[in-house]
Amino acid sequence: MDYSKLCETYLGLEETTKRLEKTEILSKLLKNTSVEELKEIIYLIKGRVFPDWDERKLGMSSKLILKSISNASGASKEKIERLWKKIGDLGKVAEELMKDKKQRTLHNKKLTAKKVFDNIKKLPELTGEGTVSRKVNLIAELLSNATPVEARFIVRTVLEELRVGVASGVIRDSIAKAFNIEVKDVERAFELLNDYGEVAEKAKSGKRSLRSVSINVGKPIKVMLPIRVNLIEDAFKALGKTVQCEIKLDGFRVQIHKKGEDISLFTRRLENVTNQFKEILPILKKNVKGDSYILDTELIGFNPKTKKYLPFQSISHRIRRKYDIEKMAKSLPVEINIFDVMYYNGKNLFDKTLKERRKILEKIVNEERRKIVLTEKLITDNKKSIEKFYKESLNEGYEGVIFKKIDSEYKPGRYVKGWIKLKPIMETLDLVIIGGVWGEGKRATWLSSFALGCRKGNKFLEIGKIGTGIKEKSEGVTFKQLTKELKPYIEETKGRTVKIKPKLIIEIAYEEIQKSPTYSSGYALRFPRLLRLRDDLSIKDCDDIERVRKFYLAQRKISEEKK
DNA sequence: TTTGGCTGCCC
DNA sequence: ATTCTGC
DNA sequence: GCAGAATGGGCAGCCAAA
């Protein structure tokens, strides 16, 4: 397939916001795609070259793409930075610059989808000295042979940000439509295979082939996710009468696959982390019965001396580690908290109820404190007991609770009403805006991220940035309004980043105050978001570092960390 | 040899 | 992770 | 309510620059 044909589809998809129209456009393309190319085209439509479960990484993002654009177009880095700030999309920047260039050199080879796919696929293979320039050249070569529009989408594909409003939902519906199969059959096949390329191939060869798909132990599946509510009343509203309350621990979500003697561990984003946590494999073999299984768990770090749980930041040292793994396993051991089972001894348990799945867990797991346990839970239909469970969980220092409908099925990869997350809301901070970053995509013409300061005497110290909780449309605090108000106070511009004179106070909510190695105040906020403008306050009223420190010391701590 | 920019992925 | 928005 | 697209801090590893 010519890459230009694919780009036409991208343009069509980008043009409409309607999902049904997107489905129509995409299903047409899929119908006209040969079996040989189907997989690649599906990946490219998702803005990738690999399926979700594939662990290869391109190792190329905005800063390196910028170099490729510079090489291919001859424009300086500064010029590209300027355009990027203005347009908010490196793809469109490449398009503009290649337009200028193309007027001079008109003859180039026609790009095929395969050529684009193959060049990008080569990126992960490059390692060692000279890697960066080789990667840059590989993409520059594609850009040089591309039409301006093709350049736009090549850049976005490498960035894995296609921005045409297509992700798994539209792809699912398009496959169903293209091959005349029910959406729910396509969805189920994807739950099992986790690869829309393969699903499309099966769908093309018919309903029977799609239905014969089964789970592949050792290949990660997507996990079920809870919806968040802020009030316990909202949780009651969404849940059935009987509720399973579970404590929420602040560790890593890990799914454990066992098939015969082989055990593999995967994160929520499907990365294989078996090597990082090898020390738990013998525990699993000893304490969990069964020839094959898939378990849903949270790994939580604890202090080996005091046996107390540790905050997330401690065990975050372990997840991506490649060196000193064994040493780390000793100084930062983890406890396996099992809360679900999706597959057992050859049987897929997605359609079983939570009650049934938990029953299986209780039969097969032999618990050992600080090694392997079933997540602490309470099953009740009494509101008072639920409230008490929540309160006590917070008192224990846990992150919060998860409420689950007792008869809920397991829905891989979905945020569903059957699972509800409740965490406490911390006291907010009033902080001053001291900088900003120009936005991308939909937010291209606005300042869309804001640097925050807290007061120390007459000065302001950085305490992080904030970019969510602000509205694009409608009522409330909008990006447009903030940009307009702050623009006159911009003191300095560096690429897409600006410094802003302290003027405007905003109220910020967050989950936790952390010690920060990057910000000058020494603190940063975990999951910050904007609640409202405080134009009733002047910069003198900005919360100071002492108040931040006071909150830091007062907040939930599951263990005293000695550092 | 050290430092720092960049990327990808945990939350 | 949280949040907003169009369907 | 779902799906998609914006955005946060911090960490390890890799490579290039200092």
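Below, all heavy atoms of this structure are taken into account, side chains as well, without hydrogens, waters or symmetry copies. Naming: A, B, ... by sequence-line order, numbering from 1 per chain.
Between dC7(C) and Arg19(A), no contact under 4.0 Å exists linking OP1 or OP2 to a side-chain N or O. Note on Arg321(A): a side-chain N or O is less than 4.0 Å away from OP1 or OP2 of dA12(D). An OP1 or OP2 oxygen of dA3(D) is reached within less than 4.0 angstrom by a side-chain nitrogen or oxygen of Arg172(A). Distances shown here put a side-chain N or O of Arg268(A) below 4.0 Å from the OP1 or OP2 atom of dA1(C). An OP1 or OP2 oxygen of dC15(D) is reached within less than 4.0 angstrom by a side-chain nitrogen or oxygen of Thr131(A). Of the side-chain N and O atoms in Tyr415(A), none sit less than 4.0 angstrom from OP1 or OP2 of dC2(D). The side chain of Arg318(A) places no N or O atom within less than 4.0 Å of a non-bridging phosphate oxygen (OP1 or OP2) of dA12(D). One finds no side-chain N or O of Gln313(A) lying less than 4.0 angstrom from the OP1 or OP2 phosphate oxygen of dG9(D). Contact check, Thr17(A) against dT5(C): no side-chain N or O comes under 4.0 Å of OP1 or OP2. Regarding contacts with the backbone of dC4(C), every side-chain N or O of Lys473(A) stays at 4.0 angstrom or more from both OP1 and OP2. Between Ser449(A) and the phosphate of dG8(D), there is a side-chain N or O to OP1/OP2 separation shorter than 4.0 Å. Between Lys421(A) and dT2(C) there is a side-chain polar atom (N or O) within less than 4.0 angstrom of OP1 or OP2.
Residue Lys423(A) is classed as a sugar-phosphate contact, given heavy-atom separations below 4.0 Å to backbone atoms only. Among the heavy atoms of the strands lying under 4.0 Å from Glu271(A) are primed sugar atoms or P, OP1, OP2 only; no base atom is included. Among the atoms of the strands shown, none is found under 4.0 Å from any heavy atom of Leu20(A). When heavy atoms are screened at a 4.0 angstrom cut-off, Ile315(A) is found touching no nucleic acid atom at all. Contacts of Tyr323(A) with the nucleic acid, taken as non-hydrogen atoms under 4.0 Å apart, involve only primed sugar atoms and P, OP1 or OP2. Using a 4.0 Å heavy-atom distance criterion, Lys515(A) is classed as a sugar-phosphate-only contact. Contact annotation for Val437(A): no contact, since no heavy-atom pair falls under 4.0 Å across all strands. Among the heavy atoms of the strands lying under 4.0 Å from Leu64(A) are primed sugar atoms or P, OP1, OP2 only; no base atom is included. Using a 4.0 Å heavy-atom distance criterion, Phe527(A) is classed as a base contact.
Of the charged side-chain nitrogens involved, at least one lies within less than 4.0 Å of a carboxylate oxygen, so that Lys237(A) and Asp234(A) count as a salt-bridged pair. With respect to the salt-bridge test (charged N to carboxylate O, under 4.0 angstrom), the residues Lys57(A) and Glu271(A) qualify. We find that Asp89(A) and Arg163(A) are joined by a salt bridge, their nearest charged nitrogen and carboxylate oxygen being less than 4.0 Å apart. A salt bridge links Lys46(A) to Asp52(A): at least one charged side-chain nitrogen sits closer than 4.0 Å to a carboxylate oxygen. A salt bridge does not link Lys122(A) with Glu125(A): none of the charged nitrogens is closer than 4.0 Å to a carboxylate oxygen. Salt-bridge annotation for Arg547(A) and Glu427(A): present, with a side-chain N of the basic residue lying under 4.0 Å from a carboxylate O of the acidic one.
The CD-C1' distance, from Gln276(A) to dG13(D), rounds to 12 Å in whole Å. Rounded to whole Å, the distance from NZ on Lys63(A) to C1' on dA17(D) is 15 Å. What separates CZ of Arg228(A) from C1' of dC2(D) is a distance of 20 Å, to the nearest Å. dG13(D) atom P lies 12 Å from atom CD1 of Ile319(A), rounded to whole Å. Atom C1' of nucleotide dT7(D) and atom CD of Glu472(A) are separated by 10 Å, given to the nearest angstrom. As rounded to whole Å, 15 Å separates atom P of dT2(C) from atom CD1 of Ile508(A). One interatomic measurement links the two molecules: CG of Asn230(A) to P of dT3(C), which rounds to 7 Å at whole-angstrom precision. The distance between atom CZ of Arg443(A) and atom P of dT3(C), rounded to the nearest whole Å, is 13 Å.
Across Thr16(A) and Lys22(A), no two heavy atoms sit closer than the pair O-NZ, 2.8 Å.
Considering Lys421(A), Lys248(A), Arg228(A) in turn, Arg228(A) is the only one that fulfils the salt bridge (charged side-chain N to carboxylate O under 4.0 Å, His left out) rule with Glu511(A).
Considering only side-chain atoms of Thr518(A), the nucleotide from dT2(C), dG10(D), dC4(C) that sits closest is dG10(D). For Gln514(A), taking side-chain heavy atoms from C-beta onward, the closest of the listed nucleotides dT2(C), dG10(D), dC14(D) is dG10(D). Closest contact between the side chain of Thr468(A) and the listed nucleotides dC15(D), dT2(C), dG13(D) involves dT2(C).
Pro226(A) is not listed as a side-chain neighbour of Phe403(A), based on a closest heavy-atom distance of 4.5 Å or more.
Between Trp419(A) and Phe339(A), the ring planes lie perpendicular to each other; the angle is over 60°, past the 30° to 60° tilted range.
If you walk DNA chain B from 5' to 3' and mark each nucleotide with an atom closer than 4.0 Å to a heavy atom of chain A, the marks span dC6(B) to dC11(B).
Two residues, Gly165(A) and Lys417(A), neighbour DNA chain D, and the one matched to the more 5' nucleotide by heavy-atom proximity is Lys417(A). Along DNA chain D, the nucleotide closest to Val166(A) and the one closest to Ile463(A) are compared, and the more 5′ of them pairs with Val166(A).
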